[in-house]
Amino acid sequence: MLEIIGFNAKTSAGCLLSGASTATLVAVATAREAKGLRARDYERSVVYLARNSHSCVRKALKLAGLAEAPMSFVEVDDNWRMDVRDAERKISEDKRKGLTPFLLVGTAGSAEAGCVDPLDELAEIAEREGMWYHVDAAYGGFFMLCPDLRGKFSGIVRADSVAIDPHKGLFLPYGTGAILVRDGRRLYEANSVREVLLQDHVEKDGRSFQDLLSPCDLSPELTRHFRGLRMWMPLQLFGIAPFRDALKEKVLLCRHSYEEVRKVSRFEVGPSPELSVYVFRYVPRDASRAKEANERLLAEILEDGRILLSSTTIGGTYWIRMAVLSFRTHLDTIRMAHRVISEAADRLPSNLA
Ligand SMILES: *Cc1c(COP(=O)(O)O)cnc(C)c1O
């Protein structure tokens, strides 16, 4: 995973965790330690995240004791990516007020619509301002395996930490996430205590930092689940190629679905999909009832039971999400999904149609 991101395998470090929520908690605690924050600094140390950042970021800040750190919600642009100019504006305003920029969180594949933030430009800002730069690649990270998509992630290599979920992009069983940190020492320093029980792990002459890394010094866990097996075994048996192909397939299926739904006049679609998620909504004759109509449509789809979609609200507008990321989803599934959606729309009562 470190290599996929482009981190130097000798100096970076990572750890398998339960998922991206835990990985984000570890990232935030690592950022706090790396920047030497003390309790008295919290109220002045600003965290920048996009309006559409995943809720796990706020949860991690709360759990890491940083609830008092001011959170600045950066606007998103027309493609629902973090607006770099707005981030810059907010940072200079905060500095004028005597606050310190502390943490910048970018997203590589948003949960709501698979949008990838301008990671390089955000890296630029983080470096200039001396902030810790965390990238949430929980959903999107493994699309870096697809040569056509790698370019979208340019700049992720400049992140200080990355959260990534093999239980999403590698289709593995739930409970398989990871934290990756560019300067592995930071991860180690934030998660280790040199105590008597673990003295065997204390640095010995002639052994490198890498040789000494134990998962118990890279995360909150000591006795831990054997997550490595779930990830190592499929890769050992099949190699990476089938995973790469499956990801390419999901992207093609998503684009195809987007084009098909876009053609139907009673539907409106969001920005064209960057990865394997897009949003759409039904456009009723009475625009004031759009939310109600789409809630009803989604309820009809779920009642049908053959496919599972969810909803999201972006900029006050209610959308239905089409997320294609199951290894069992193929073209026949997508065709069936279109039938289910269309039949559900036919069933809308006339006042919502
Ligand atoms: C799924 C997701 C998360 C949370 O990951 P868990 O593994 O469920 O904890 C965080 N961020 C994004 C962008 C996600 O898609």
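Note that these values count all heavy atoms, side chains included, but never hydrogens, waters or copies made by symmetry. Note that ligands are numbered from 1 as they come in the structure, with each ligand's atoms numbered from 1 the same way. Fair warning: this is a prediction, and the values are worked out from it, not measured in the lab. For reference, positions follow the sequence shown, starting with 1.
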query = Can you find a non-hydrogen atom of Gly109 under 4.0 Å from ligand 1?
reply = yes

query = Is ligand 1 less than 4.0 angstrom away from at least one heavy atom of Gly177?
reply = no

remark   = Checking heavy-atom distances from atom 3 (C) of ligand 1 to each of Glu112, Lys59, His54, the winner is His54

ask   = If you measure from atom 12 (C) of ligand 1 to every heavy atom of Thr22, Val57, Thr176, Asp136, which option wins on shortest distance?
value = Asp136

key: Stepwise side chain to side chain contact (heavy atoms under 4.5 Å, CB included) check, Leu180 with Phe7   = CA-CA 9 Å; Leu180 311 173; Phe7 283 170; 4.1 Å; yes

Could you tell me if [Y] and [X] have a donor-acceptor pair between their side chains, going purely by distance under 3.5 Å?
X: His330; Y: Asp332; answer: no
X: Thr333; Y: Thr329; answer: no
X: Tyr139; Y: Ser276; answer: yes

query = Any idea which protein heavy atom is nearest atom 7 (O) of ligand 1, and the distance to it?
reply =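 Looking at atom 7 (O) of ligand 1, the protein heavy atom closest to it is Asp165 OD2, 2.6 Å.
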
query = How far is atom 2 (C) of ligand 1 from its nearest protein heavy atom, and which residue and atom is that?
reply =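 Protein heavy atom at minimum distance: Lys168 NZ, 2.3 Å.
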
request  = Run the numbers on Arg321 and Ser310 for side chain to side chain donor-acceptor pair (under 3.5 Å), then give the verdict.
outcome  = CA-CA 5 Å; Arg321 285 175 70 243; Ser310 64; 2.8 Å; yes

inquiry  = Is the contact between Ser21 and ligand 1 made by the side chain, the backbone, both, or neither, using heavy atoms and a 4.0 Å cut-off?
reply    =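 Within the 4.0 Å criterion, Ser21 contacts ligand 1 through backbone and side-chain atoms alike.
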
task = Pick one of side chain, backbone, both or neither for how Ala20 approaches ligand 1, counting any non-hydrogen atom pair under 4.0 Å.
result =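 Ala20 to ligand 1: contacts from backbone and side chain alike.
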
ask   = How many angstroms lie between atom OH of Tyr258 and atom OG of Ser272, to the nearest 0.5 angstrom?
value = 5.0 Å

query = Sub-3.5 Å donor-acceptor pair from the side chain of Asp83 to the main-chain atoms of Asp77, do we have one?
reply = no

query = Hey, does the side chain of Ser53 reach the backbone of Leu49 with a donor-acceptor pair shorter than 3.5 angstrom?
reply =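 Such a contact is absent between Ser53 side chain and Leu49 backbone.
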
With a cut-off of 4.0 Å, which atoms of ligand 1 are near a heavy atom of [X]?
X: Cys56; result: 10 (C)
X: Ala138; result: 2 (C), 3 (C), 10 (C), 11 (N), 12 (C), 14 (C)
X: His167; result: 7 (O)

